[in-house]
Amino acid sequence: MNRRPTLLAALTLTAAAALTLSACGSDDSSAAKDNDKIAGADTGSKASASPTVSDPASAGRPKIDLPSDVTYEFQWKKTGDARKDAVLSDAEQRIRAVDMAIAKQDPLDKAYRFYSEGTAAAESQKYIQEFVDHKARTTGLTRYYNESLTIKGDGTAALVYCEDQSKAFNKFLKTGKTDVTPVTKDSYVVYAGTLRKNGDGVWVTERLISQRGSAKCQP
């Protein structure tokens, strides 16, 4: 079971520099393995060790409650540019919202759909359903780093970033067992996403692809 959705077949996305990703599809054989590393797509330096509740940036944004054992370290830097910092903040909330939907075992949870549309929302639903089918959720610490963000001429944002899943795992709900898997190059994942500011002022993720074992993300 992958920690994060792997969307589309392949994409070349520019964010500071061109990065070509060959994304694994959701039908990849590795996605069906119960013991696969939880593959996992948020801002600032080190986050609080156990942020169980995110503070919505403005009224109307969904409250995100996470189990205390689902933690993050966001090493995305503040840019000083209001638009870019808003993109990073909303991308972070989407990640947290997906994990909340997994913890709630609800593939149609409103929070992640607040921060995603189109292909990204549809594929996230399938990804969350995988956890529901396996009666599992995420646990552990996930780190995000090496971000690259460009606001394009058409107003969309191209965001590329790395994820360290070496301390993040699958937890099975029936037994309470955590499937601790060894750290390999595939514990490090690169993501490329396209975001657009909607009418409510939210930067929603429209497309997202990922690739495990990327040289860009290796420690």
Side-chain angles (χ1 to χ4, degrees), residues 2-7 26 38-76 78-79 82-133 135-144 147 149 155-157 159 161 163 168 170-171 173 191 193-208 210:
N2 285 336
R3 174 72 173 78
R4 291 285 172 198
T6 52
L7 312 182
S26 59
I38 299 174
D42 310 295
T43 318
S45 54
K46 186 170 182 178
S48 146
S50 56
T52 56
V53 180
S54 70
D55 183 18
S58 64
R61 290 172 181 262
K63 182 179 180 181
I64 298 177
D65 291 293
L66 290 162
S68 60
D69 61 331
V70 178
T71 61
Y72 308 92
E73 185 176 334
F74 292 107
Q75 296 180 339
W76 296 351
K78 290 289 185 182
T79 68
R83 281 199 305 170
K84 288 185 175 181
D85 287 342
V87 171
L88 292 172
S89 178
D90 285 346
E92 174 178 344
Q93 294 309 309
R94 184 199 61 79
I95 293 169
R96 294 178 186 271
V98 169
D99 279 340
M100 182 175 73
I102 291 169
K104 292 168 66 175
Q105 298 282 279
D106 183 1
L108 295 176
D109 191 65
K110 292 181 179 179
Y112 82 85
R113 291 188 290 156
F114 183 89
Y115 291 105
S116 58
E117 294 178 359
T119 305
E123 292 299 329
S124 290
Q125 180 181 337
K126 293 177 185 177
Y127 165 69
I128 295 163
Q129 185 66 53
E130 278 192 59
F131 281 88
V132 174
D133 291 345
K135 295 181 173 57
R137 69 168 175 85
T138 62
T139 187
L141 171 67
T142 311
R143 181 171 66 98
Y144 298 92
E147 77 284 0
L149 173 60
T156 61
L159 176 62
Y161 59 92
E163 180 191 53
N170 293 323
K171 182 174 183 177
L173 301 177
Y191 289 85
T194 300
L195 299 92
R196 176 186 56 81
K197 190 174 183 178
N198 67 15
D200 296 322
V202 178
W203 285 93
V204 294
T205 299
E206 295 184 313
R207 287 199 257 179
L208 183 69
S210 65

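The chain is numbered in sequence order, starting from 1.
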Check your understanding: For the atom pair CD1 (Ile64) and CZ (Phe114), what is the distance rounded to the nearest 0.5 Å?
Key -> 9.5 Å
Point to revise | Least distance between heavy atoms, Ala111 atom then Ala97 atom | key: C-CB, 3.7 Å
Review point. Does a side-chain heavy-atom distance below 4.5 Å link Arg94 with Val204?
Key: no
Exercise for review: Taking all heavy atoms of Pro107 and all of Ile128, pick out the closest pair and write down the distance.
Suggested key: CA-CG2, 3.6 Å
Review point. Taking side chain as C-beta onward, heavy atoms only, is Thr142 less than 4.5 Å from Asp99?
Key: no
Check your understanding: Rounded to the nearest 0.5 Å, what separation is found between the CE atom of Met100 and the CD atom of Gln93?
Key -> 10.0 Å
**Study point:** Backbone of Leu159 reached by a side-chain donor or acceptor of Tyr191 within 3.5 Å
**Key:** no
Review point. Hey, does Tyr115 have a side-chain heavy atom less than 4.5 Å from the side chain of Val98?
Key: no
Exercise for review: State the NZ-CG distance between Lys78 and Asp85, to the nearest 0.5 angstrom.
Suggested key: 5.0 Å
Exercise for review: Begin from the C-alpha positions of Val70 and Arg137 and carry the test side-chain contact (heavy atoms from CB on, under 4.5 Å) through to its verdict.
Suggested key: CA-CA 10 Å; Val70 178; Arg137 69 168 175 85; 3.7 Å; yes
Check your understanding: Is a side-chain donor or acceptor of Asp106 paired with a backbone partner of Ala101 at a separation under 3.5 angstrom?
Key -> no
Check your understanding: Between the main-chain N or O of Val202 and the side-chain N or O of Asp200, is there a donor-acceptor pair closer than 3.5 Å?
Key -> no
**Study point:** Over all atoms of both residues, closest heavy-atom pair of Glu73 and Leu141
**Key:** N-CD1, 3.8 Å
Review point. For the side chain of Ser124 and the backbone of Ala120, is there at least one donor-acceptor N/O pair under 3.5 Å apart?
Key: yes
Exercise for review: Give a yes or no on whether a salt bridge exists between Asp90 and Arg61, defined as a side-chain N under 4.0 angstrom from a carboxylate O.
Suggested key: yes
Practice item. Evaluate side-chain contact (heavy atoms from CB on, under 4.5 Å) for Leu66 paired with Tyr72, printing each intermediate quantity in order. Key: CA-CA 11 Å; Leu66 290 162; Tyr72 308 92; 3.5 Å; yes
Study note, to complete from the structure: In terms of heavy-atom contacts, Leu195 and Ala91 come closest through CD2-CB, 4.3 Å
Review point. If you measure from NZ on Lys126 to CD on Gln129, what distance do you get to the nearest 0.5 Å?
Key: 11.5 Å
Review point. Hey, does Glu123 have a side-chain heavy atom less than 4.5 Å from the side chain of Leu208?
Key: no
Point to revise | By salt bridge (charged side-chain N to carboxylate O under 4.0 Å, His left out) - contacts of Arg196 (at least two apart) | key: Glu117, Glu206
**Study point:** Minimum heavy-atom distance Lys197-Trp203, with the two atoms named
**Key:** N-CE3, 3.5 Å
Check your understanding: So, for Ile102 and Ala136, which heavy atoms are closest and what is the spacing to 0.1 Å?
Key -> CG2-O, 3.9 Å
Check your understanding: In Å, rounded to the nearest 0.5 Å, how long is the span from CG of Leu149 to NZ of Lys84?
Key -> 5.5 Å
**Study point:** For Glu147, salt bridge (charged side-chain N to carboxylate O under 4.0 Å, His left out) partners two or more places apart
**Key:** none
